[in-house]
Protein chains: 2
Amino acid sequence: MPTIRDVAKLAGVAPITVSRVINDTSYVSQETRGRVESAIEELGYVPNMLGPSLRFQQTLTLAVVITDITNPFWTTVTRGVEDIAQANGYSTILCNTDESDEKQDQYLHMLLRRRIDGILLVPACSDAKPIELIRKQAIPVVVLDRRIPDVDVDIVRADSEAGAYQLTQHLISLGHRNIMMLAGPKSVSTSVDRVDGYQNALREANLPENTSHVVWGNYSQEAGYQMTQEVLTLTPRPTAIFAANNFVAVGVMQALQEQGIRVPQDIALVAFDDLPSTFTITPFFTVARQPAREMGQRATQLLLERIKGASDVPCQHVILPTQVIIRASSGERIAA
Amino acid sequence: MPTIRDVAKLAGVAPITVSRVINDTSYVSQETRGRVESAIEELGYVPNMLGPSLRFQQTLTLAVVITDITNPFWTTVTRGVEDIAQANGYSTILCNTDESDEKQDQYLHMLLRRRIDGILLVPACSDAKPIELIRKQAIPVVVLDRRIPDVDVDIVRADSEAGAYQLTQHLISLGHRNIMMLAGPKSVSTSVDRVDGYQNALREANLPENTSHVVWGNYSQEAGYQMTQEVLTLTPRPTAIFAANNFVAVGVMQALQEQGIRVPQDIALVAFDDLPSTFTITPFFTVARQPAREMGQRATQLLLERIKGASDVPCQHVILPTQVIIRASSGERIAA
DNA sequence: TTTCGCTATGGTATGGGTAACATGATACGC
DNA sequence: GCGTATCATGTTACCCATACCATAGCGAAA
């Protein structure tokens, strides 16, 4: 593969002159420029970034570490990241941890060895360790979507609590008094926040304490399916179900359909996270939609500011609003 | 950030000794090893890959260039790539071109500047240029999913033609004689192959020439929606529709539902590519499923062999079989 | 005429890890 | 007692692009 020296030799100039032609950083005569450009063309020269990366400790690379690449919510967040990264001349590396702490650790070490310039992290656990690991290398990091207790770090997330509060309120306003919450893992802050929002709505509606029913599981379709089967054996049977995310909601629907239970006639259903329109033939779920792309954009802007040296500014905690979209799955007002 | 020299100084040894401890490449006494390990721990030292990458022209990085990150088919292929890459000590960079030739070009140049070790490319167009660009830098490349005419290059793809042939045959066996094919772009080989499979099936069933009806569009839900609206104005109305991919199928369903046309009672529907089970509440579409994850794995194995220097072996063209899954959307046998 | 600024080009040092080579020390066999 | 194998550690050079400093010609202002 040709180097800048090969180009220089062919054009009869010094390497630095070739560099100047490529980056337009200083005076080069038209005549010399022409010779250099021909040489570049002839050799098919592509500059090697690794030299400057090593020299100037800057790789112009960001990393996005997400927990589930099959969830369109995360791929949409990733697009938001790319929007801003690309506009600022940065490339992105996408890492998928599958919610595994171990995989996350592997990826983080890999990223540190590569000396990437910044990390956008969706933590696989509510642990301070990964943040400390990154901080020790003085690499800027912005946490996405999830709170981490007892760590002062930049965070960009959606308002899970308010969204869950509104969804629950919507169900209550329709007359529901026995609402089942099918939550994600206890170790993930969004899951905890959504349960809090749900319980706050119940409390503020002055419903008796024992109306709160929460089943903890995880953010997957299988979990939604199993939790629903469990819930259907209860008496009295809940009149509404709150699914903590989109995958859980699909699992719920599968279990209900299998048992011949109709939504919303027999049981009302609401969920967090919208499903992508590219897959849902008829939008059906009443949901709290998170501004996924904007989350990615905001987080990346913040990260780039940190990279550019705003290290004295105190850590920010950006909370974006969710949007409740009422559709068929939550049904009409029911009799008391 | 500490370097190997800082560690060496603290441990009272030469940098190379630290290197030997980390990589276990030569003799180091237990006592020295202990001192070095403590120093690494104390400084929180993480080796900088950029040094060796520059020196030995090896970044231990592969790139996957896909055309649509929102399509789970491609994220599944990507997982297959990661399976093999990670097992061999390689990291992957994921690039999303959105079927744009220009974006593809930008990404490829970025990857070349980074001196990644190999590229898995889903070409955004049937053009030989991107391959030539990569080849000029002597970087191994394996093409995924799509044929490129007049270029000798390794390819791993699914058998679009056979899958389309079988799906069409299935419709014919159910009595359909007026089957509409809603294809992808003419510039993408899978689209062309699926049309060929469809037409071959018609021909072999000895159906009259004029039974072949193809509308060219692209692989999106919007296109499926629009093409369907167009098709519904035809007389006689087709009794069956063949959607060239999963997104198109969803668009078809939306258009049909809007017009109150039932599937499969009024129109039968088959499609290429399965929808992920995490989204589909009840699997409904009769589809030809491609072995996505396996495609990624096979392609990566091949790429790694090329990287390890099997450059004299002639280019391979791996074609994996598709699997036809018959579900409700294609319906029962109809009257002639 | 001298000084200054602008144009145009080049030499050298730098960054971090490690292959290749070099240097000792100890141990063992004959 | 000497050659040889093994253990243990160190020195130097290298990869590539470019910031920094240096050089020199030329025209214009002082």
Side-chain angles (χ1 to χ4, degrees), chain A residues 1-37 39-40 43-61 89 109-110 112-117 137-139, chain B residues 1-37 39-40 43-61 89 109-110 112-117 137-139:
Chain A
M1 221 164 332
T3 74
I4 202 169
R5 264 159 272 269
D6 300 320
V7 177
K9 201 173 292 177
L10 185 60
V13 296
I16 187 72
T17 303
V18 178
S19 171
R20 289 202 255 254
V21 170
I22 293 169
N23 304 307
D24 209 23
T25 44
S26 178
Y27 307 103
V28 177
S29 70
Q30 268 311 315
E31 197 252 318
T32 308
R33 178 175 303 255
R35 281 212 320 282
V36 169
E37 277 165 354
I40 288 173
L43 296 173
Y45 171 66
V46 178
N48 184 344
M49 263 187 66
L50 294 171
S53 283
L54 178 61
R55 177 77 168 80
F56 304 109
Q57 322 265 28
Q58 198 199 27
T59 50
L60 293 175
T61 310
H109 273 100
M110 181 272 278
L112 295 177
R113 282 198 304 273
R114 279 170 196 277
R115 295 296 192 267
I116 51 143
D117 296 332
Q137 305 303 315
I139 291 180
Chain B
M1 222 161 336
T3 73
I4 203 168
R5 268 159 263 266
D6 300 320
V7 176
K9 204 174 287 177
L10 185 60
V13 295
I16 187 72
T17 303
V18 178
S19 170
R20 289 202 257 253
V21 169
I22 292 168
N23 303 306
D24 210 23
T25 44
S26 176
Y27 306 103
V28 178
S29 69
Q30 267 310 312
E31 196 251 319
T32 307
R33 179 176 301 259
R35 281 212 318 282
V36 169
E37 278 166 353
I40 289 173
L43 296 173
Y45 171 67
V46 178
N48 183 344
M49 262 186 68
L50 295 171
S53 283
L54 179 60
R55 179 73 168 81
F56 304 108
Q57 322 265 29
Q58 195 198 30
T59 50
L60 292 175
T61 309
H109 273 100
M110 181 272 279
L112 295 177
R113 282 198 303 275
R114 279 169 196 278
R115 296 294 193 266
I116 51 144
D117 296 332
Q137 304 302 316
I139 290 179

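Lettering follows sequence order; numbering is per chain, from 1.
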Nucleotide N/O to protein N/O under 3.5 Å, stretch nucleotides 5-7 of chain D:
from	atom 1	to	atom 2	distance (Å)
dC7(D)	OP2	Tyr27(B)	OH	2.3

Do any N or O atoms of the protein come closer than 3.5 Å to N or O atoms of nucleotides 20-28 of chain C, and which pairs are they?
none

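Atom CD of Gln30(B) and atom P of dT9(D) are 11 Å apart (whole Å). Rounded to an integer number of Å, the gap from CG of Leu43(B) to P of dG16(C) is 14 Å. Atom pair Arg5(A):CZ and dA17(D):P shows a separation of 7 Å (rounding to whole Å applied). Separating the OH atom of Tyr45(A) from the C1' atom of dC16(D) is a distance of 8 Å, rounded to the nearest angstrom. Regarding Ile4(B), its CD1 atom lies at a distance of 15 Å from the P atom of dT9(D), rounded to whole Å. Ile22(B) has its CD1 atom 7 Å from the P atom of dT18(C), to the nearest Å. Atom CG in Asp24(B) sits about 14 Å away from atom C1' in dA8(D), given to the nearest Å. Look at CZ on Arg33(B): it is 13 Å from C1' on dT9(D), rounded to the nearest Å.
Residues Ala14(B) and Gly51(B) each lie close to DNA chain D; by heavy-atom proximity, the contact nearer the 5' end of the strand is made by Ala14(B). Across the interface with DNA chain D, nearest-nucleotide mapping of Thr17(B) and Pro2(A) shows Thr17(B) to be the residue nearer the 5′ end.
Counting distance only, with no hydrogens placed and no angle test, the side-chain atoms of Arg113(B) and the base atoms of dA17(D) include no donor-acceptor pair under 3.5 Å.
Proximity of Ser29(A) to the phosphate of dA8(C): no side-chain N or O atom is located under 4.0 Å from OP1 or OP2. In this model, the phosphate group of dT18(C) is approached by a side-chain N or O of Asn23(B) to a distance below 4.0 Å at OP1 or OP2. Within the 4.0 Å cut-off from OP1 or OP2 of dT9(D), at least one side-chain nitrogen or oxygen of Thr32(B) is found.
Side-chain N or O atoms of Thr25(A) include none that pairs as donor or acceptor with a backbone N or O of Asn23(A) at under 3.5 Å. No donor-acceptor distance shorter than 3.5 angstrom exists from the side chain of Gln137(B) to the backbone of Arg115(B), with no hydrogens or angles considered.
Listed by first then second residue, pairs satisfying salt bridge (Lys or Arg N to Asp or Glu O under 4.0 Å) with a partner in residues 23-34 of chain A read Asp24(A)-Arg33(A), Glu31(A)-Arg35(A), not counting sequence neighbours.
Between the CE atom in Met110(A) and the CG atom in Leu60(B) there is a gap of 11.0 Å [rounded to 0.5 Å]. For the atom pair NZ of Lys9(A) and CG of Leu43(A), the computed distance is 11.0 Å after rounding to the nearest 0.5 Å. To the nearest 0.5 Å, atom CD1 of residue Ile22(A) and atom CD of residue Glu37(A) are 9.5 Å apart. In this structure, the separation between OG on Ser53(B) and CZ on Arg113(A) is 10.5 Å, given to the nearest 0.5 Å.
Heavy atoms of Val18(B) sit nowhere under 4.0 angstrom from any nucleic acid atom. When heavy atoms are screened at a 4.0 angstrom cut-off, Thr25(A) is found touching no nucleic acid atom at all.
By the side-chain contact (heavy atoms from CB on, under 4.5 Å) test, Thr3(A) is found to be paired with Arg5(A), Asp6(A), residues two or more places apart in sequence or in another chain being considered.
Over its length, the helix from dT1(C)-dA30(D) to dC30(C)-dG1(D) turns its helix axis by 50°, as judged from the five terminal pairs at each end, rounded to 10°.
Between Thr32(A) and Val21(A), the closest side-chain pair of non-hydrogen atoms is not below 4.5 Å. In this structure the side chain of Thr59(A) never reaches within 4.5 angstrom of the side chain of Arg114(A), judged on heavy atoms. Using a 4.5 Å heavy-atom threshold, the side chains of Val28(A) and Val36(A) count as separate.
Taking both residues in full, the closest heavy atoms of Leu50(B) and Asn48(B) are given as N-OD1, 2.8 Å, listed atom of the first, atom of the second, then distance. The minimum heavy-atom distance between Ile40(A) and Val18(A), with the atom names listed, is CD1-CG1, 4.4 Å. The shortest heavy-atom contact between Ala8(A) and Ala14(A) is CB-C, 3.8 Å.
Sorted by residue number, the members of residues 52-59 of chain A with any non-hydrogen atom under 4.0 Å from DNA chain D read Pro52(A), Phe56(A).
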